[in-house]
There are 2 protein chains.
Amino acid sequence: MRWLSGTRQEILSELDKEKYMRKADDQQIEAATKEIIDNVVSSGDRALFEYSRKFDQTELDELEISQDAINQAYQQLEDSVKTALEKAKENIISYHKKQKQYDFMDSEKSGVIRGQLVRPLERVGVYVPGGTAAYPSSVLMNVLPAKIAGVDEVIMVTPPSPEGVPSIILAAAKIAGVDRVFQVGGAQAIAALAYGTATIPKVDKIVGPGNIYVATAKKQVFGTVGIDMIAGPSEIGVLADAQADPAFIAADLLSQAEHDVLARTFLVTDSKRLAEEVEREIAEQLITLPRKEIAERSIVDHSWIILASGTTDMFDIMNEIAPEHLEVQMEDPMSRLHDIRNAGSIFLGAYTSEPVGDYLSGTNHVLPTSGTAKFYSPLGVYDFVKYSQVSYYTKEALAEVQADIALLARKEGLEAHARAVEYRFKEEDK
Amino acid sequence: MRWLSGTRQEILSELDKEKYMRKADDQQIEAATKEIIDNVVSSGDRALFEYSRKFDQTELDELEISQDAINQAYQQLEDSVKTALEKAKENIISYHKKQKQYDFMDSEKSGVIRGQLVRPLERVGVYVPGGTAAYPSSVLMNVLPAKIAGVDEVIMVTPPSPEGVPSIILAAAKIAGVDRVFQVGGAQAIAALAYGTATIPKVDKIVGPGNIYVATAKKQVFGTVGIDMIAGPSEIGVLADAQADPAFIAADLLSQAEHDVLARTFLVTDSKRLAEEVEREIAEQLITLPRKEIAERSIVDHSWIILASGTTDMFDIMNEIAPEHLEVQMEDPMSRLHDIRNAGSIFLGAYTSEPVGDYLSGTNHVLPTSGTAKFYSPLGVYDFVKYSQVSYYTKEALAEVQADIALLARKEGLEAHARAVEYRFKEEDK
């Protein structure tokens with residue numbers, strides 16, 4: 001673990017070096033991704049079958065997974081897991097329903113009505129990674145907000161494999177209410193969703209995490225379709241005071257570290273004693289972890305212990321880090337809420353261990369990373385709707401503003417704009 | 001104007017050819033943009049002065065425009081224009097205030113609290129194009145929603161010119177409440193905002209339209225900062241029945257066409273007579289337009305008259321077009337609202353001429369184009385906030401769900417996640 005201390009400014013500039021280091025974009029990955037997308041656009045399904053053979057060593061008969069196969073996977077799921085996933089679903093729904101937004105339509109001046117419509121997207125694509133990163137919990141997190149928003153059709157894509165798509169993923173798709181599932185992965189899946197093929201329908205927006213090819217492809221199709229944020233390695237920040245339990249903190253930091261050798265963990269505290277105890281606890285708890293090697297690499301390379309001088313500095317520093325997950329292990333944590341400006345998901349108090357949000361609290365676990373919580377939000381119902389503005393003017397209402405409109409339009413050199421309004425008051429001359 | 005008719009499906013597949021044609025990305029522009037960004041990241045302000053010399057033929061002393069210069073520009077503005085801009089501002093504020101969202105915080109089960117915070121972004125950059133595309137109205141449209149959201153600091157960038165930045169743009173910045181203005185344009189301005197230089201502070205999000213270099217740069221820095229949508233040529237769709245006034249429609253189509261030779265206009269109607277009259281009116285009104293050449297090119301190349309068989313087809317077709325601006329010139333237009341699914345800004349009735357939205361109604365004129373209204377929204381207050389999730393569990397509440405969390409975590413192979421929760425119930429063993 002790397003220790004940082006000093007003034008607020010010294011600590012921030014040290015952290016800045018890490019955060020804003022500009023990645024040399026991998027030109028090779030960009031070119032390869034572009035070629036895959038072009039190929040899917042020109043050859044459609046044929047390209048998808050070929051890429052399955054080439055990248056996934058899988059000879060497919062069909063791209064779509066039948067409803068029968070999905071139902072069967074659901075039937076075979078152990079009851080305990082089914083129950084746990086259903087509980088998670090229930091909590092996700094009850095939390096996300098509160099994010100629903102509604103139309104407004106107001107008549108504010110005589111003859112003028114202005115409003116805003118909230119409409120669901122029509123069709124959405126959800127990417128679910130394959131291999132060891134195939135998480136049933138993520139299927140629920142990506143799909144349910146879309147369903148609550150009222151999206152007509154949710155399409156899931158996930159990489160094929162010689163053993164078939166993991167049945168727990170199909171079962172989770174069934175529980176979440178996915179409409180159709182296609183076994184196609186990588187950049188080719190993103191291309192198929194963005195442009196459509198004979199078999200796979202074009203969607204309006206693509207969400208869900210993936211490897212670097214998937215992320216690059218999403219960035220390349222951005223604008224043709226909507227995409228969610230670009231996800232980086234997972235991370236956690238912990239704000240702790242002297243009364244916090246070092247064993248709890250160590251366990252939570254390790255739960256983040258086991259995700260990925262690139263996962264980042266930040267402990268910000270004003271207690272040196274606590275920091276030292278956390279470091280000792282981590283060393284101890286690491287020993288028996290099955291994913292010890294991953295977690296250890298993450299802790300050695302991407303773990304910071306930051307000694308701040310006082311509470312104000314602690315919050316200032318953490319707000320600059322803008323962590324994906326933020327635990328507040330301090331006295332009276334609820335009273336600290338107004339000091340938090342940037343964080344994806346906030347966990348208050350000693351017993352709100354971060355994994356509760358990964359699985360069961362119902363808050364979303366698809367969150368902004370790498371400091372992007374400064375401007376990105378957790379995945380939510382708002383990602384699956386768009387707004388339309390509405391206005392209505394009577395003739396009298398337009399008459400009142402026509403001179404101002406014409407003046408501004410002419411000032412901008414747009415004569416036809418001025419005339420379009422003035423035309424409405426020339427009927428008698430015609 | 002191009003006429004389309006036939007079945008709904010025939011018309012849509014004809015339009016699809018236009019809409020989804022994949023642009024060969026301009027590799028040269030992408031490479032040039034990337035080089036500019038790299039250069040700004042490595043050389044900072046020095047690169048900005050050099051690009052001003054090279055691209056804008058302007059030798060600058062300072063990047064920042066002083067508050068004195070801005071105040072002076074404001075003083076010099078004609079009173080009539082000032083009054084019109086102030087009216088526009090007032091209406092923009094009253095409309096956008098309705099978009100404000102608020103925190104929620106609910107205690108739903110014993111010992112569990114879940115909530116969502118809405119927090120403004122801290123610093124936002126607004127790009128304002130130079131030359132003939134420098135519109136004071138757009139300054140208001142981009143800046144005011146950020147101010148209403150509560151953004152701490154709004155930075156405006158706009159290209160330098162040997163004659164200086166147009167004083168009407170500086171006056172509009174003053175009216176809108178811009179905090180600082182820098183004279184820097186193109187991809188170099190986007191790079192400066194995304195990464196920061198000694199003089200220009202790094203922002204959290206960049207909004208505002210620009211040329212192809214600006215748009216490409218925005219796409220390249222996407223993820224390092226937030227960006228708004230990628231804007232294409234302006235467009236309007238008009239839904240009209242037999243009772244509509246062809247002269248009004250022609251005037252409105254021309255107001256769109258005068259923007260740009262690439263501007264697109266769509267008239268969808270079930271009345272052949274009306275369509276023919278609109279075409280005649282356009283030919284007539286075109287003659288005396290100052291921007292006749294631009295408007296004519298747009299009308300010849302990118303203007304469609306679509307004859308639909310009945311009202312249902314009219315709406316189905318228009319929803320596929322998903323226009324930036326949509327006029328409903330039909331009887332009882334308010335009753336049609338529920339048939340509209342995809343449109344940036346909707347103008348209802350004969351007297352809600354589209355330019356009213358460009359200048360004075362208070363709805364935003366920064367809108368999704370090229371069919372992206374299927375998934376993008378008008379620029380709004382929601383673009384300048386982000387959400388944070390909040391959760392709080394008591395020990396008892398965590399105890400109730402710990403078994404389910406541990407089960408799901410282990411099912412996903414994440415042992416440290418299971419242990420982090422279980423650790424909370426082992427204190428007595430320590």
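Within every chain, numbering begins at 1; the chains are lettered A, B, ... in the order of the sequence lines, protein sequences first and strands thereafter. It should be emphasised that the depicted structure is a prediction, and the values quoted were computed from it without experimental measurement.
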If you apply the rule side-chain contact (heavy atoms from CB on, under 4.5 Å), what do you find for B/Lys374 with A/Val225, and how did you get there? CA-CA 9 Å; B/Lys374 286 188 164 191; A/Val225 293; over 6 Å; no

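- Of the two parts of B/Val421, the backbone and the side chain both hold a non-hydrogen atom closer than 4.5 Å to a non-hydrogen atom of chain A.
- Contacts of B/Leu407 with chain A are made by side-chain atoms alone, with heavy-atom separations under 4.5 Å and no backbone atom involved.
- Comparing A/Glu415, A/Met105, A/Arg114 by how many heavy-atom pairs each has under 4.5 Å with chain B, the most go to A/Arg114.
- Only the side chain of B/Ile227 has a heavy atom closer than 4.5 Å to any heavy atom of chain A.
- Both the backbone and the side chain of A/Leu121 come within contact range of chain B, each with at least one heavy atom under 4.5 Å from a heavy atom of that chain.
- Ranking A/Gln402, A/Gln285, A/Lys205 against chain B, the residue ahead of the rest is A/Gln285, based on heavy-atom pairs under 4.5 Å.
- With a 4.5 angstrom heavy-atom cutoff, B/Leu337 touches chain A via backbone and side-chain atoms both.
- Per-residue counts of heavy-atom pairs under 4.5 Å with chain B were compared for A/Arg419, A/Met229, A/Gln116, A/Lys386; the largest is that of A/Lys386.
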Step-by-step ring-ring contact (aromatic ring centres under 6.0 Å, His included) determination, A/Tyr393 to B/Phe347: CA-CA 8 Å; A/Tyr393 275 66; B/Phe347 301 85; 9.1 Å; no

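- Contacts of A/Pro120 with chain B are made by both backbone and side-chain atoms, with heavy-atom separations under 4.5 Å.
- Looking at B/Asp383, there are no atoms closer than 4.5 Å to chain A (heavy atoms on both sides), in backbone or side chain.
- The part of B/Asp106 that comes within reach of chain A is its side chain, from C-beta onward, which places non-hydrogen atoms under 4.5 angstrom from that chain.
- With a 6.0 Å radius and a threshold of 12 heavy atoms from other residues, nucleotides or ligands, A/Glu422 has its CD atom above the threshold.
- Residue B/Thr83 does not touch chain A at all, counting heavy-atom pairs closer than 4.5 Å.
- For chain A, the nearby part of B/Arg119 is the side chain; its heavy atoms alone come within less than 4.5 Å.
- Aromatic pair A/Tyr382/A/Tyr387: ring centres not closer than 6.0 Å.
- Proximity to chain A involves both the backbone and the side chain of B/Leu289, based on heavy atoms less than 4.5 angstrom apart.
- Residue contact with chain A, scored on non-hydrogen atoms closer than 4.5 Å, is absent for B/Leu326.
- Heavy atoms of B/Ala350 lying under 4.5 Å from chain A belong exclusively to its backbone.
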Show, in sequence, the C-alpha distance, side-chain angles and deciding distance for A/His417 and B/His259, and conclude whether the side chain to side chain donor-acceptor pair (under 3.5 Å) test is met. CA-CA 10 Å; A/His417 281 63; B/His259 270 295; 3.1 Å; yes

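- Looking at A/Val112, neither its backbone nor its side chain comes within 4.5 Å of chain B, counting heavy atoms on both sides.
- If you measure heavy-atom distances from A/Thr394 to chain B, the contacts under 4.5 Å come from the backbone alone.
- Because its NZ or CZ atom is not both nearer than 6.0 Å to the ring centre of A/Phe222 and within 45° of the ring axis, A/Lys219 does not count as a cation-pi partner of that residue.
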Give the intermediate values and the outcome of salt bridge (charged side-chain N to carboxylate O under 4.0 Å, His left out) for residues B/Glu78 and A/Arg410. CA-CA 14 Å; B/Glu78 302 143 69; A/Arg410 294 203 166 98; over 6 Å; no

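- Contact of B/Pro368 with chain A is not made at all, since no heavy-atom distance falls under 4.5 Å.
- Ranked by heavy-atom pairs under 4.5 Å with chain B, the list A/Val328, A/Asn91, A/Val124 is led by A/Asn91.
- The shortest non-hydrogen separation linking B/Pro333 to B/Leu348 is O-CD2, 3.8 Å.
- Residue B/Lys411 touches chain A through its side chain alone, counting heavy-atom pairs closer than 4.5 Å.
- Taking the ring centroids of B/Tyr359 and B/Tyr135, they lie at or beyond the 6.0 Å cut-off.
- Residue contact with chain A, scored on non-hydrogen atoms closer than 4.5 Å, is absent for B/Ala418.
- Heavy atoms closer than 4.5 Å to chain B are found in the backbone of A/Ala373, but not in its side chain.
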